[in-house]
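Starting from 1, each residue takes its place in the sequence as its number. We use all heavy atoms of the structure for the numbers below, so side chains are in, but hydrogens, waters and symmetry mates are not.
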Amino acid sequence: MSAYAEFKRLKLDNYTFSVTSKNEVGPAPNVSKIFVAQKDKLTSIQPISITKTYLEEKNTVEVAWFPPKDKSMIQSYTIFWCKFPKERPYQCDGKLDWVDVEPYPKNQTMIHKIPLPDSEIYQLAVAANTEHYSSGMVWSTCSIIKNKVLSKVKDVTVDNTGEDFALVRWRLDCSDRGRVVVGYQIEYCPLKTESDTTTWDDAVCNTKNVTAADGEQTKILNLSPWTPYKIGVRVLTRGEPGERSDPVIERTNPALPGSEPLNMKIFATNETATVHWTPPAIPNGQIDFYKYKYWTGNKNSGLVTFSNVTNETMVELPNLLAFTEYTFEIRACNVLDSKVHGCSEFNSKATFMTKRGKPGQPNEPKVIFTNATNVEINWDTNFQLGAPEALYWDIKVSRAGEIWEQRADHDADIRHVNGTMQNHTLDLSTLSSEKDWSPNCENSTNTNLFNFTIRAIVLVDGNNISGLWSEPITVPAYCKVPLPWLTLILVSIIATSAAIVAIIGLCRAWTWFHKKKEFFDKLGRELDDK
């Protein structure tokens with residue numbers, strides 16, 4: 001017959017239970033009543049850290065506990081014990097013995113020895129009693145036998161983490177540990193995922209020992225960022241180490257990615273490019289975004305750089321120049337906290353060439369008139385040509401000036417020049433059938449101003465693609481070769497300077513000659529007198 005009853009789904013209120021017995025003769029004449037106070041009152045008077053220690057004395061167990069938070073109401077303690085072959089949390093079965101003990105007058109650790117009838121394992125509990133109610137049985141939370149703590153460390157928590165550390169706290173619910181406990185051993189293993197089944201004896205696992213004097217906490221250092229760790233704590237005693245606690249799994253904080261994005265692949269057309277990549281091997285976080293930039297050293301406009309961010313592992317690069325070399329660079333970034341975004345110092349970089357396409361705008365050509373109608377035109381390829389070389393060049397010449405702007409015939413026919421050429425000579429008198437289009441030096445009303453512009457034509461997939469026209473350059477035609485006034489002026493200055501220098505030199509030579517002549521004449525006369 002069961003010696004106890006269990007009531008479920010009760011509220012946390014006060015209860016009074018009545019217990020009686022009955023046999024074949026009839027019910028007992030008296031009823032036992034048990035008052036159970038509400039939860040807050042019970043927990044405030046419960047004994048703390050009940051520890052049982054099997055002493056070397058024959059069949060003797062020592063019970064120790066800390067007084068409850070509210071000890072002023074305690075009138076006595078009751079120690080219960082019963083035999084069971086295994087340690088808690090197994091329920092007792094069979095005979096239950098107990099003894100009442102008086103509380104110590106001061107706030108001291110309660111210690112009491114109990115002789116047992118044999119050397120079997122006994123479960124043990126303590127209840128604190130007031131005048132009106134009891135705390136109820138509180139089972140032992142720590143067992144010590146032969147200098148070994150059989151109970152597990154409890155309440156292991158990770159209270160603080162950083163990129164490379166974790167602050168671990170725990171609790172050993174033993175009230176009489178000083179004679180046995182010498183320290184604690186913290187075991188920790190990095191996991192690939194939170195569901196990783198890495199065992200404690202794996203080569204990646206590490207241990208750290210702390211002394212009992214250091215308290216029930218320690219900081220584990222040199223951890224890897226954004227890595228889940230399985231952490232367990234066991235007590236170290238003068239005998240064998242205790243049982244490892246139930247593991248907790250905690251992930252360290254993110255840090256800057258420790259490597260560059262991988263497997264970059266670029267697919268380019270003549271106007272766009274698509275770039276794919278995979279996350280870095282050492283992400284140090286969940287990779288919140290990627291920061292990329294790309295640029296080209298355009299010969300005409302210099303270094304042109306574009307930059308942006310993306311959350312994906314691919315990006316489209318629009319509006320690219322045809323047949324142009326670009327450099328693409330990308331870094332992985334993590335959000336370290338709500339205010340700090342950090343990008344890795346490691347980057348992946350690659351160059352790619354867009355395919356053939358439409359040429360850009362050439363530079364202004366250089367135009368030199370050699371006489372009134374002949375003109376020499378020079379140009380270069382220092383611009384986005386859109387192909388390795390031009391198929392041919394178009395040269396367009398038109399009349400300039402207010403009078404010609406209002407006339408529809410101001411443009412001459414376009415001339416084609418071989419793509420390998422970078423200069424060409426034109427006879428303006430052959431470009432247009434209009435009589436007054438070519439230079440006319442005898443007509444003073446003719447402005448004789450001409451615009452010159454060029455463009456490149458390239459071959460793309462069998463088709464001729466025309467580029468942009470260069471900015472027109474306006475040049476006046478010369479009706480006669482201008483006199484070399486600068487040369488004449490320079491020659492005159494040089495000749496005059498040379499004449500002045502020669503005259504000064506002659507004057508100084510004549511003066512020197514006369515002085516020497518007078519000296520020798522005087523010397524001769526003196527010699528004659530002697």
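When all heavy atoms of Phe383 and Gly360 are compared, the closest pair comes out as CE1-O, 3.7 Å. Summarising the geometry of Val417 relative to His424, their closest heavy-atom pair is CG2-CG, 3.9 Å, with the distance given to 0.1 Å. Closest of all the heavy-atom pairs between Ala456 and Ala390 is CB-CB, 4.4 Å. When every heavy atom of Leu336 is checked against every heavy atom of Pro254, the shortest pair comes out as CD2-O, 3.8 Å. Residues Arg169 and Asp159 come closest through the heavy atom pair NH1-OD2, 2.5 Å. Across all their heavy atoms, Ser259 and Ile282 have their closest contact at OG-N, 2.9 Å.
Under the 4.5 Å side-chain criterion, counting only non-hydrogen atoms from C-beta, Val248 is not in contact with Thr157. Taking 4.5 Å as the limit, every side-chain heavy atom of Phe346 sits out of range of all side-chain heavy atoms of Pro257. Looking only at side-chain heavy atoms (C-beta outward), Asn222 and Asp164 stay at 4.5 Å or farther from each other. Looking at Ser466 and Arg455, their side chains come closer than 4.5 Å, going by heavy atoms from C-beta outward. Within the 4.5 Å cutoff, the side chain of Asn263 has no heavy atoms near those of the Trp277 side chain.
In terms of modelled atom types and a separation under 3.5 Å, the side chain of Thr354 and the main chain of Leu321 share a donor-acceptor contact. For the pair Gln361 (side chain) and Trp469 (backbone), a donor-acceptor distance under 3.5 Å is present. Remark: the backbone N or O of Ser398 is not paired with any side-chain donor or acceptor of Asn451 at under 3.5 angstrom. A distance-only check finds a donor-acceptor pair linking the side chain of Thr252 to the backbone of Ser224 [under 3.5 Å]. Listed for the Thr278 side chain is a donor-acceptor partner under 3.5 Å among the backbone atoms of Leu262. No donor-acceptor distance shorter than 3.5 angstrom exists from the side chain of Trp226 to the backbone of Pro283, with no hydrogens or angles considered. Proximity of a side-chain donor or acceptor of Asn206 to a complementary backbone N or O of Val204 within less than 3.5 Å is detected. For the pair Asn284 (side chain) and Leu256 (backbone), a donor-acceptor distance under 3.5 Å is present. Counting only distance, with no hydrogens or angles, the side chain of Asn371 and the backbone of Asn374 share a donor-acceptor pair below 3.5 Å. No donor-acceptor pair under 3.5 Å is formed between the side chain of Ser429 and the backbone N or O of Thr373.
Of the inter-residue distances, the one linking Asp394 atom CG with Ser470 atom OG reads 11.0 Å to the nearest 0.5 angstrom. Between the NZ atom in Lys349 and the CD atom in Glu329 there is a gap of 5.0 Å [rounded to 0.5 Å]. Rounded to the nearest 0.5 angstrom, Leu320 CG and Tyr326 OH are separated by 4.5 Å. Annotation: the span from Asn209 atom CG to Glu187 atom CD amounts to 9.0 Å, rounded to 0.5 Å. We find the CZ-CG distance between Arg399 and Asp411 to be 12.0 Å, quoted to the nearest 0.5 Å. Atom CZ of Phe352 is separated from atom OG1 of Thr324 by 9.5 Å, given to the nearest 0.5 angstrom.
By the 6.0 Å contact criterion, CD on Glu389 is open, its count of non-hydrogen atoms from other residues, nucleotides or ligands being 12 or less. Atom CG of Asn418 is surrounded by more than 12 heavy atoms from other residues, nucleotides or ligands within 6.0 Å. The local environment of CD in Glu312 is sparse, with at most 12 non-hydrogen atoms from other residues, nucleotides or ligands closer than 6.0 Å.
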Under the side-chain contact (heavy atoms from CB on, under 4.5 Å) criterion, do Leu223 and Tyr188 qualify, and how do the steps go?
CA-CA 10 Å; Leu223 304 182; Tyr188 53 101; 3.8 Å; yes
Would you sort out whether Val460 and Lys358 count as a side-chain contact (heavy atoms from CB on, under 4.5 Å), showing the intermediate values?
CA-CA 9 Å; Val460 179; Lys358 183 177 180 179; over 6 Å; no
CA sep, side-chain torsions, deciding dist, call: Thr218, Lys208, side chain to side chain donor-acceptor pair (under 3.5 Å):
CA-CA 9 Å; Thr218 189; Lys208 178 183 179 180; 2.8 Å; yes
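The salt bridge (charged side-chain N to carboxylate O under 4.0 Å, His left out) check on Arg415 picks up nothing, with sequence neighbours excluded. Taking the salt bridge (charged side-chain N to carboxylate O under 4.0 Å, His left out) definition, one finds that Asp246 meets it with Lys152, sequence neighbours left out.
When Asp380, Asn378, Ile473, Asn423 are each tested for a side chain to side chain contact (heavy atoms under 4.5 Å, CB included) with Pro365, only one passes: Ile473.
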Distance-only donor-acceptor pairs under 3.5 Å for side chains of residues 285-295, two or more places apart:
from	atom 1	to	atom 2	distance (Å)
Gln286	NE2	Asp288	OD1	3.1
Asp288	OD2	Val335	N	2.6

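Counting only N and O atoms by type, the side chains of Thr211 and Asp214 include a donor and acceptor under 3.5 Å apart.
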